[in-house]
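Here is how names work: the chains are called A, B, and so on, in the same order as the sequence lines, proteins then strands, and each is numbered from 1.
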2 protein chains.
Amino acid sequence: MASSGRTYRGVDVASRRAHRRAALLDAALEEFTTTGYRASRIADICTRARVSTRTFYEEFEGKQDVLLVLHDRVNDLALSHVRHALGTVLETDAVTRIGTLLDAFVAAVTADPRLPRLAYVEAVGVSPALEAQHQRWVTRWAEFIAAEAARAAEHGLAPRRDYRLTGIALVGAVTGLLRAWQAGNPPEPVAVIADEIKSLMSAAITRQA
Amino acid sequence: MASSGRTYRGVDVASRRAHRRAALLDAALEEFTTTGYRASRIADICTRARVSTRTFYEEFEGKQDVLLVLHDRVNDLALSHVRHALGTVLETDAVTRIGTLLDAFVAAVTADPRLPRLAYVEAVGVSPALEAQHQRWVTRWAEFIAAEAARAAEHGLAPRRDYRLTGIALVGAVTGLLRAWQAGNPPEPVAVIADEIKSLMSAAITRQA
DNA sequence: ACATTTCGAAAATCTCGATTACCAATGTAG
DNA sequence: CTACATTGGTAATCGAGATTTTCGAAATGT
């Protein structure tokens, strides 16, 4: 019955697996954002990860599966940063909160230029599954923004109305800006992007129209 | 020496060619937006166009070539509509002009739901060539918006500043909204989208920040 | 009629990369 | 030391499509 697995070099089965999986994800991120998702080959990802193709199929269903995981990761990463940042300004005015939210988001996603490239370019139009995942995230972010807007409205800083569409538009604005940013050679300073977004968002929310 | 070509059914060589090319483009638009660009096969496009694969290669280099052409078409179509619409409000105030511009754009691109699907989903991340073409169009649209903003500034309706980044952000907002729109089932009324964009854009341009 | 131009259909080629199967090296356990 | 688990490496297997060619039917011109 056996073995729940043998220990090698002091690490158990689970850790070795986790390590290989992480190596594959790292390698895939690199391949996808340099070679491009469509053109990148599984064999190359494996070579870069110093892992065999067999191992690849032990961890993932296929290329798309990896992309799905990476796409979620980028968004999860950003979300956790944003949540943490917002937690530090609980009692502040709405405008400050929105600024904090965006600074955290932009900082998280631009820390590695490969992230926006993956999420806003490579992961688009790949498959219905990915489009669905994209939509879920857009909705989530839009609701996040709408919630902050509602909070601003509570304080009389913005009109009371449904901010969901505005949220989607703003997510699109951020996406467009970051897509352009990652394509830039050399990239613009991130602060410029962040300022534009912050200013745009607060104008969008406080407008009376 | 020969013939510059024989006339069939009353149409000359050039017309027949043009017809086949048009049929191929139509078929490709349909395939790309239903099956998805990556998954659609050249053979299927040809079948739908009632043309042989041989003819396909007489007209195009390959699948990507067709996508490049279609992507340009969507943008050209929108541009011509916008230009025409703006021509009818030459002497009007900036706010009206911006509203006109956006109504024309949105109307042109949503007239056929396949257009936003093609331009904002299927044509993303396909190849460096397409990304380059996308960037050119974003820049062009952003400059268009910036020009209108400058005009508004002339009339004292907006602050004098560089509106290019704002333009890119707004193009992103429009893109995001239309991408969500075409994914909707059933789609939202277009007017809602158009209103949101118009309002957002005028807030973005007239803000004092 | 008969030769010729066109072009769809279909078959032959070709190219690749995904998926699988197998082999051998490395490190363990006992 | 011996049997075994674990994996990277390699190469065989496969299938899907993209391109290219060939074949022949339809439409014209002479």
Side-chain angles (χ1 to χ4, degrees), chain A residues 1-28 31-32 34-69 122 126-127 129, chain B residues 1-28 31-32 34-69 122 126-127 129:
Chain A
M1 292 318 60
S3 45
S4 55
R6 186 179 282 182
T7 294
Y8 270 70
R9 290 182 197 135
V11 295
D12 59 68
V13 185
S15 299
R16 288 189 318 254
R17 257 189 93 123
H19 188 270
R20 288 196 300 268
R21 186 183 174 85
L24 279 169
L25 284 169
D26 281 352
E31 284 289 323
F32 289 170
T34 53
T35 305
Y37 173 72
R38 333 184 48 201
S40 51
R41 282 163 289 152
I42 290 180
D44 291 340
I45 294 172
C46 293
T47 301
R48 185 185 292 277
R50 296 170 193 292
V51 149
S52 74
T53 58
R54 196 188 51 180
T55 305
F56 178 91
Y57 288 102
E58 271 169 14
E59 290 302 318
F60 301 100
E61 305 269 323
K63 225 166 53 162
Q64 183 190 309
D65 188 17
V66 182
L67 183 57
L68 240 10
V69 173
E122 301 302 334
V126 168
S127 72
Chain B
M1 269 282 58
S3 45
S4 58
R6 184 177 286 182
T7 295
Y8 269 68
R9 290 183 197 137
V11 295
D12 59 68
V13 185
S15 299
R16 291 191 316 260
R17 253 189 99 123
H19 188 271
R20 288 197 299 271
R21 188 184 172 84
L24 279 168
L25 285 169
D26 281 351
E31 284 289 323
F32 290 171
T34 52
T35 306
Y37 173 73
R38 326 201 180 221
S40 52
R41 282 163 291 150
I42 290 180
D44 291 340
I45 295 173
C46 293
T47 300
R48 186 184 291 279
R50 297 171 194 291
V51 149
S52 75
T53 59
R54 198 190 47 180
T55 303
F56 178 91
Y57 288 102
E58 269 169 14
E59 290 302 319
F60 302 99
E61 305 268 321
K63 225 167 52 163
Q64 183 189 310
D65 188 18
V66 182
L67 184 56
L68 240 9
V69 173
E122 300 303 333
V126 168
S127 72

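Atom CG in B:Asp12 sits roughly 12 Å away from atom P in D:dG29 (whole-Å rounding). Atom CZ in A:Arg20 sits roughly 8 Å away from atom C1' in D:dT6 (whole-Å rounding). Going from atom NE2 of B:His19 over to atom P of C:dG8 covers 11 Å, rounded to whole Å. At whole-Å resolution of the value, CD in B:Glu31 and C1' in D:dG17 are 14 Å apart. One can place CZ of A:Arg21 at 19 Å from C1' of D:dT6, the figure rounded to the nearest angstrom.
Comparing C:dG8, D:dG8, D:dT10 against the side chain of A:Thr53 picks out D:dT10 as the nearest. The side chain of B:Arg16 lies closest to C:dT6, out of D:dG9, C:dT6, C:dG8.
With a 4.5 Å cut-off on side-chain heavy atoms, B:Leu68 and B:Phe60 do not count as touching. Two residues are said to be in side-chain contact when any heavy atoms from C-beta on lie closer than 4.5 Å; A:Val69 and A:Leu25 meet this criterion. Put simply, the side chain of B:Thr35 does not reach to within 4.5 Å of the side chain of B:Asp44, judged on heavy atoms.
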For a side chain to side chain contact (heavy atoms under 4.5 Å, CB included) check, start with the C-alpha distance between B:Leu24 and B:Arg21, then their side-chain angles and the critical distance, and finish with the verdict.
CA-CA 5 Å; B:Leu24 279 168; B:Arg21 188 184 172 84; 5.7 Å; no

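When atom types are taken as modelled, the side chain of B:Ser40 and the backbone of B:Tyr37 share a donor-acceptor pair closer than 3.5 angstrom. Panel note: side chain B:Lys63, backbone B:Arg38; a donor-acceptor pair is recorded below 3.5 Å. Remark: side-chain polar atoms of A:Glu31 are not paired, donor with acceptor, to backbone N or O of A:Ile45 under 3.5 angstrom.
Residues from residues 54-69 of chain A lying near DNA chain C, meaning a heavy-atom separation below 4.0 Å, are A:Arg54, A:Tyr57 in numerical order. A heavy atom closer than 4.0 Å to some atom of DNA chain C occurs in no member of residues 34-42 of chain B.
Between A:Glu58 and A:Arg17, the shortest heavy-atom distance links the atoms O-NH2, 3.7 Å. Of all non-hydrogen atoms in B:Ala49 and B:Ala23, the two that sit nearest each other are CB-O, 3.6 Å.
Contact annotation for B:Thr7: backbone-only contact, meaning every heavy-atom pair under 4.0 Å involves sugar-phosphate atoms and none involves a base.
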